[in-house]
Protein chains: 2
Amino acid sequence: MATTARQGPYFCGIDAAMDVVSGKWKVLILWELHHHGTRRFAELRRGLPGVSEKMLIQHLREMEEDGLVHREVYREVPPKVEYSLTEDGVALNTALAPLGDWGTERMRRTGAAKVR
Amino acid sequence: MATTARQGPYFCGIDAAMDVVSGKWKVLILWELHHHGTRRFAELRRGLPGVSEKMLIQHLREMEEDGLVHREVYREVPPKVEYSLTEDGVALNTALAPLGDWGTERMRRTGAAKVR
DNA sequence: TCGGGTACTCACCTCTTGGTAAGTGGTCGG
DNA sequence: CCGACCACTTACCAAGAGGTGAGTACCCGA
């Protein structure tokens with residue numbers, strides 16, 4: 001994904017949505033931003049145990065490019081950057097809700113483990 | 001994915017759902033089976049231009065293992081195998097609908113190309 | 001008899017994804 | 001003066017996702 005292509009011809013809407021959402025941490029970032037509103041880089045990193053800084057940035061950049069998250073840079077001396085969801089990102093999150101319910105139900109049935 | 005792990009600890013329901021749905025052709029298979037009810041292997045292959053036989057089988061097997069699709073083998077001389085969605089697969093498809101709408105809307109806005 | 005269709009399996013190879021670890025420049029607390 | 005924190009960037013590397021092409025056992029139509 002990422003560097004090249006993207007926006008490639010899609011079969012249907014789900015296909016297009018999956019393109020934007022595929023990436024190990026993307027939906028988790030969405031979820032985190034949705035629940036906390038605005039978060040700084042280090043806050044996100046701490047909120048997603050196991051994520052590498054490289055992937056976090058890469059995903060955030062792609063999601064910014066895709067118009068899902070807004071990136072606000074404060075030119076202060078200890079650098080400060082705040083990430084938040086755009087309208088589009090909020091809509092995506094809403095559209096993901098039923099899928100989340102399905103997954104939760106499935107976890108309950110299969111007894112899958114949960115992190116934190 | 002696939003051979004090892006799976007059912008790994010999840011952060012939330014969306015995470016669990018994404019695990020089951022991640023794979024280049026999975027949502028398309030879901031979509032195809034949902035729209036046609038029951039399909040044979042070759043019909044699916046023809047319905048998803050570009051899919052390789054290897055991936056199609058691999059995905060179908062994983063989805064069967066995950067309880068999303070049902071596989072019915074007819075012991076006839078020209079081999080015949082029919083695939084259909086389970087209740088769980090239908091529910092997943094329903095849960096994916098809003099995401100599909102979001103993606104369709106997005107395609108409209110960005111003017112992304114569509115296959116076939 | 002030749003080709004095509006059925007539903008696969010297998011071996012091999014490539015490209016992408018994602019992880020690790022180090023470096024950057026500045027500031028603040030102890 | 002040492003280390004930690006901030007928000008990154010860069011180079012390198014391993015695993016795996018997915019593609020290609022061949023083979024299989026059988027039958028049917030031309």
Side-chain angles (χ1 to χ4, degrees), chain A residues 1-8 11 15 18-29 32-33 38-66 69-84 115, chain B residues 1-8 11 15 18-29 32-33 38-66 69-84 115:
Chain A
M1 152 201 11
T3 44
T4 52
R6 243 151 196 307
Q7 248 84 295
F11 285 85
D15 196 15
M18 289 300 295
D19 184 27
V20 141
V21 127
S22 66
K24 195 169 176 183
W25 305 92
K26 292 246 179 110
V27 291
L28 274 353
I29 294 173
E32 193 74 10
L33 287 178
T38 290
R39 297 231 96 181
R40 300 183 57 176
F41 181 79
E43 286 173 337
L44 281 172
R45 199 204 320 139
R46 281 190 295 263
L48 305 173
V51 73
S52 64
E53 299 197 341
K54 176 195 152 192
M55 285 318 297
L56 185 51
I57 293 203
Q58 201 177 105
H59 282 168
L60 284 169
R61 290 283 146 86
E62 286 173 17
M63 292 166 78
E64 191 192 353
E65 214 176 302
D66 289 335
V69 314
H70 174 70
R71 182 164 173 268
E72 187 81 34
V73 183
Y74 297 85
R75 294 208 134 277
E76 303 175 355
V77 171
K80 179 177 168 186
V81 180
E82 283 186 348
Y83 295 92
S84 54
V115 163
Chain B
M1 153 199 11
T3 43
T4 52
R6 244 151 196 305
Q7 249 82 297
F11 285 85
D15 196 13
M18 290 300 295
D19 184 26
V20 142
V21 128
S22 67
K24 195 170 176 182
W25 305 93
K26 293 244 180 112
V27 291
L28 274 354
I29 293 173
E32 193 74 10
L33 287 178
T38 289
R39 298 230 95 182
R40 301 182 58 174
F41 181 78
E43 287 173 336
L44 280 172
R45 199 204 321 138
R46 281 190 294 264
L48 304 173
V51 73
S52 65
E53 299 197 342
K54 176 195 153 193
M55 284 319 295
L56 185 51
I57 293 203
Q58 199 177 105
H59 282 168
L60 284 169
R61 289 284 147 85
E62 286 172 18
M63 292 166 79
E64 191 192 354
E65 213 176 303
D66 288 335
V69 314
H70 174 70
R71 182 164 174 268
E72 187 81 33
V73 183
Y74 297 86
R75 295 207 135 278
E76 303 174 355
V77 173
K80 179 177 168 186
V81 180
E82 283 185 347
Y83 294 93
S84 54
V115 163

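Naming: A, B, ... by sequence-line order, numbering from 1 per chain.
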Check your understanding: Roughly how many Å is it from CD1 in A:Ile29 to C1' in C:dG18, rounded to a whole number?
Key -> 13 Å
Check your understanding: Given atom CG of A:Leu56 and atom P of C:dG19, what is their separation to the nearest angstrom?
Key -> 11 Å
Study note, to complete from the structure: A:Leu48 CG to C:dG18 C1', in whole Å, measures 15 Å
Exercise for review: Report the residues that fulfil side-chain hydrogen bond (donor to acceptor under 3.5 Å, both in side chains) with B:Glu43, sequence neighbours left out, ordered by chain and then residue number.
Suggested key: none
Review point. Could you walk me through whether B:Lys26 and B:Glu62 pass the salt bridge (charged side-chain N to carboxylate O under 4.0 Å, His left out) check?
Key: CA-CA 9 Å; B:Lys26 293 244 180 112; B:Glu62 286 172 18; 2.9 Å; yes
Practice item. List in chain and number order the residues that pass side chain to side chain contact (heavy atoms under 4.5 Å, CB included) with A:Leu56, two or more places apart in sequence or in another chain; answer none if no residue qualifies. Key: A:Ile29, A:Phe41, A:Leu44, A:Arg45, A:Leu48, A:Val51, A:Leu60
Revision key, fill the gap. note: B:Leu60, atom CG; D:dG18, atom P; distance rounded to Å ~ 13 Å
Study note, to complete from the structure: Sequence neighbours excluded, the answer for side-chain hydrogen bond (donor to acceptor under 3.5 Å, both in side chains) partners of A:Arg71 is A:Tyr83
Practice item. Could you tell me the separation between the CD atom of B:Gln58 and the P atom of D:dG19, rounded to a whole number of Å? Key: 10 Å
Contact list (N/O, under 3.5 angstrom) for nucleotides 6-9 of chain D vs protein:
| unit_1 | atom_1 | unit_2 | atom_2 | d |
| --- | --- | --- | --- | --- |
| D:dC6 | O3' | A:Arg40 | NH2 | 3.1 |
| D:dC6 | O3' | A:Pro79 | O | 3.1 |
| D:dA7 | OP1 | A:Arg40 | NE | 3.0 |
| D:dA7 | OP1 | A:Arg40 | NH2 | 3.1 |
| D:dA7 | OP2 | A:Ala42 | N | 3.0 |
| D:dC8 | OP1 | A:Arg61 | NH2 | 3.2 |
| D:dC8 | OP1 | A:Arg71 | NH2 | 2.4 |
| D:dC8 | OP2 | A:Tyr83 | OH | 2.8 |
| D:dC8 | N4 | A:Glu53 | OE1 | 2.2 |
| D:dT9 | OP2 | A:Arg61 | NH1 | 3.0 |

Practice item. Report the distance from atom CG of B:Asp19 to atom P of D:dG16, rounded to the nearest whole Å. Key: 14 Å
Point to revise | Length of the line joining B:Lys24:NZ and C:dC15:P, which is rounded to integer Å | key: 14 Å
Point to revise | Contacts of A:Arg40 that satisfy side-chain hydrogen bond (donor to acceptor under 3.5 Å, both in side chains) - sequence neighbours left out | key: none
**Study point:** B:Met55 CE - C:dT14 C1' separation (whole Å)
**Key:** 14 Å
Review point. For A:Glu82, which residues count as a side-chain hydrogen bond (donor to acceptor under 3.5 Å, both in side chains) partner, sequence neighbours excluded?
Key: A:Tyr74
